[in-house]
Each structure stands twice: as C-alpha cells, then as structure tokens.
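For reference, the structure is listed below as structure tokens.
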Amino acid sequence: FSCQDGYERVGEEAEKLIVPRGIAKNFVLTYTEIPEKITTEATGSSKVIAVLSGPVRHDFENLNFPHQTFPDGLFVEIFNDKNERTTIEADYGILYSITGVVDLKGNVIIKSDDGKKLEAPQLYYDRKNEWAFTQEKFKFTNPEDGTVMDGKGMDIKKDLSVMYAHKTLGIMLITEEKDD
C-alpha cells in the first residue's frame with residue numbers, strides 16, 4: 001500500500017493536457033516571397049520558394065515554445081533562384097517556429113534537381129542558415145561522380161552542393177587538378 005501513488009493531482013500540480021489549436025488534414029502550404037518592395041499601386045508577382053504538404057499538421061503555435069508537428073509525415077519542395085527543386089521527405093516532423101529548426105525523423109530523404117540523394121534516419125534542418133545536419137548514419141549518392149558514401153554525422157547545404165562528413169566509408173572518386 002505504501003509504495004503505490006493513489007494521490008489525485010489537481011490544480012497547479014495536475015498534468016497539463018496539451019492539445020493543438022488546429023489540425024489540418026491533407027494540407028498544402030505554399031511559401032512565397034516578393035522580389036521587390038511593393039507600393040500601394042505596384043503590380044508584380046511573387047515567387048514560390050517552398051511547398052510543404054502532408055496528411056496531417058498539428059498547430060501548437062499558441063504555446064510558450066510554439067511549434068507544428070507532422071505526425072504522419074511530410075513532403076517539402078524547395079526552389080532556388082534558378083527554379084531548381086530540392087525535395088525533402090520524412091515519416092515525422094516538428095517545425096520549431098522560434099528557432100527555425102525542423103526535426104525530421106524516419107526515412108528522411110533529400111533529393112536535389114541534379115539527382116543527388118541523401119538518406120538518414122533523422123535529420124535537422126536549419127531554415128535560417130539553409131543547412132541540414134545529423135549525428136546519425138547517412139547515405140549520400142552522387143550520380144555525377146558515380147559515388148555512394150556512407151557515414152555517421154554530417155552537415156550539408158540545402159541543395160546538396162556542399163557537404164562536411166564526420167566519419168565516412170564507401171566508394172568515392174577524388175580528382176586532382178594539375179597546376180599549369
């Protein structure tokens with residue numbers, strides 16, 4: 001009897017029930033930007049910079065640490081200035097609004113327009129700096145070089161053009177340039 005906790009917590013000590021302020025199903029969010037400042041009489045167009053979609057989005061933006069969760073996965077398309085597309089897929093995601101960091105979990109796959117592909121079980125994406133990073137195992141495929149790199153821990157630019165790998169193994173071709 002003395003080892004059991006039958007005390008009913010109420011008031012301040014009661015466990016807080018956290019519910020989303022909104023739930024969106026089969027959603028598509030399109031992020032755009034305007035290339036120049038708009039005046040009251042200006043005409044022009046906006047440019048799509050990213051499209052986020054998925055089966056379910058939970059909105060917790062009303063909490064002290066605002067965030068959004070994507071419990072059933074998400075798909076993101078990011079477009080650069082040349083309108084080249086990079087895609088990101090994951091089984092689960094959390095977008096932290098204040099820090100701008102996205103936590104992607106489960107079968108994370110990033111594909112660039114030129115065929116490069118990064119696969120990892122978990123990946124963080126820093127929206128402000130446009131870099132992704134992980135301390136988990138990863139696989140990077142580059143069809144341009146015909147290389148497949150496996151490793152653990154890396155940082156990579158959003159378009160997969162620059163990568164800093166921590167521990168690597170696999171088949172990699174290294175070309176040397178001769179000085180004239």
Side-chain angles (χ1 to χ4, degrees), residues 19-134 136 138-145 147-149 154-165:
V19 293
R21 77 172 176 186
I23 298 174
K25 292 187 178 186
N26 299 318
F27 67 93
V28 176
L29 299 171
T30 303
Y31 296 90
T32 59
E33 70 178 7
I34 300 169
E36 54 195 52
K37 187 177 179 178
I38 292 182
T39 61
T40 55
E41 296 181 21
T43 60
S45 62
S46 60
K47 176 184 166 207
V48 174
I49 56 173
V51 178
L52 170 64
S53 59
V56 178
R57 176 180 150 257
H58 291 171
D59 183 350
F60 294 97
E61 294 292 322
N62 57 327
L63 299 179
N64 288 337
F65 195 70
H67 63 281
Q68 299 172 39
T69 62
F70 307 91
D72 297 334
L74 68 153
F75 182 75
V76 183
E77 297 172 284
I78 302 170
F79 300 93
N80 66 11
D81 293 335
K82 298 176 188 173
N83 210 27
E84 297 169 331
R85 181 176 80 147
T86 300
T87 62
I88 303 170
E89 295 178 63
D91 293 341
Y92 180 84
I94 302 175
L95 167 61
Y96 297 102
S97 304
I98 292 175
T99 62
V101 172
V102 182
D103 181 0
L104 303 165
K105 296 178 184 176
N107 300 311
V108 180
I109 300 172
I110 301 177
K111 295 178 186 174
S112 67
D113 206 36
D114 59 0
K116 294 176 186 168
K117 182 165 96 171
L118 174 68
E119 301 169 76
Q122 182 174 21
L123 193 75
Y124 296 96
Y125 178 67
D126 182 343
R127 294 187 317 163
K128 181 180 177 185
N129 296 313
E130 299 182 335
W131 278 82
F133 55 94
T134 186
E136 302 289 329
F138 70 90
K139 180 179 180 179
F140 181 72
T141 307
N142 186 347
E144 280 180 7
D145 301 343
T147 60
V148 177
M149 180 191 318
M154 61 88 209
D155 303 281
I156 194 162
K157 195 171 179 179
K158 80 172 181 181
D159 62 359
L160 307 182
S161 62
V162 177
M163 180 168 105
Y164 301 108

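What you see is a predicted model; the values in this text were computed from it and never measured. Numbering starts at 1 and runs along the sequence shown.
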Would Arg85 and Asp113 satisfy salt bridge (charged side-chain N to carboxylate O under 4.0 Å, His left out), going step by step from the backbone distance to the final call? CA-CA 5 Å; Arg85 181 176 80 147; Asp113 206 36; 5.4 Å; no

Evaluate the side chain to side chain contact (heavy atoms under 4.5 Å, CB included) criterion for residues Leu95 and Phe70: first the C-alpha distance (whole Å), next the side-chain angles of each, then the deciding distance (0.1 Å), finally the verdict. CA-CA 8 Å; Leu95 167 61; Phe70 307 91; 4.1 Å; yes

Can you list the steps and then say if Ile109 with Lys117 is a side chain to side chain contact (heavy atoms under 4.5 Å, CB included)? CA-CA 7 Å; Ile109 300 172; Lys117 182 165 96 171; 4.0 Å; yes

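Tested against Phe140 for a side chain to side chain contact (heavy atoms under 4.5 Å, CB included), the candidates Ile156, Ile110, Val148 yield a single pass: Ile156. Of the residues Ile94, Asp91, Leu52, the one that meets the side chain to side chain contact (heavy atoms under 4.5 Å, CB included) test with Leu74 is Leu52.
What you find for Gly73 and Pro55 is that their closest heavy atoms are O-CD, 3.6 Å. Of all the heavy atoms in Val108 and Pro121, the pair that sits closest is CG2-O, 4.0 Å. Nearest heavy-atom pair, Ala90 versus Lys105, reported as atom, atom and distance to 0.1 Å: CB-O, 3.9 Å. In plain terms, the two heavy atoms of Asp72 and Val56 that are nearest each other are OD2-CG2, 3.3 Å.
A donor-acceptor pair under 3.5 Å is absent between the side-chain atoms of Thr134 and the main chain of Met154, judged by distance alone.
Applying the 6.0 Å contact sphere to CG of Asn107 captures no more than 12 heavy atoms from other residues, nucleotides or ligands. Within 6.0 Å of atom CG in Asn62, more than 12 heavy atoms from other residues, nucleotides or ligands are found, so the atom counts as buried in its surroundings.
One distance of note links OG of Ser112 with CG of Asn80; it measures 10.5 Å at 0.5 Å rounding. Atom CG of Leu104 is separated from atom CD1 of Ile88 by 6.5 Å, given to the nearest 0.5 angstrom. Taken to the nearest 0.5 Å, the CD1 atom of Ile78 stands 8.0 Å off from the CD atom of Glu130. Rounded to the nearest 0.5 angstrom, Asp114 CG and Asn142 CG are separated by 7.0 Å. Atom NZ of Lys111 is separated from atom OG1 of Thr86 by 12.0 Å, given to the nearest 0.5 angstrom. Interatomic distance, Glu119 CD to Glu136 CD, rounded to the nearest 0.5 Å: 14.5 Å.
A donor atom on one side chain and an acceptor atom on the other are not found under 3.5 Å apart for Gln68 and Ser97.
Not less than 6.0 angstrom separates the ring centroid of Phe79 from the ring centroid of Tyr31.
Remark: Tyr92 pairs with no residue by the ring-ring contact (aromatic ring centres under 6.0 Å, His included) rule, at least two apart or across chains.
Looking only at side-chain heavy atoms (C-beta outward), Val28 and Val51 come within less than 4.5 Å of each other.
Between Tyr164 and Trp131, the ring planes are parallel. Angles under 30° get that label, and only those over 60° would be called perpendicular. Note on ring orientation: taking the six-membered ring where Trp is involved, the planes of His67 and Phe60 are parallel (angle under 30°, cut-offs 30° and 60°). The aromatic rings of Tyr124 and Phe133 sit parallel, their planes meeting at an angle under 30°, below the 60° perpendicular limit.
The pair Asp126-Lys128 fails the salt-bridge criterion, with no side-chain N (NZ, NE, NH1 or NH2) lying under 4.0 Å from an Asp/Glu carboxylate O.
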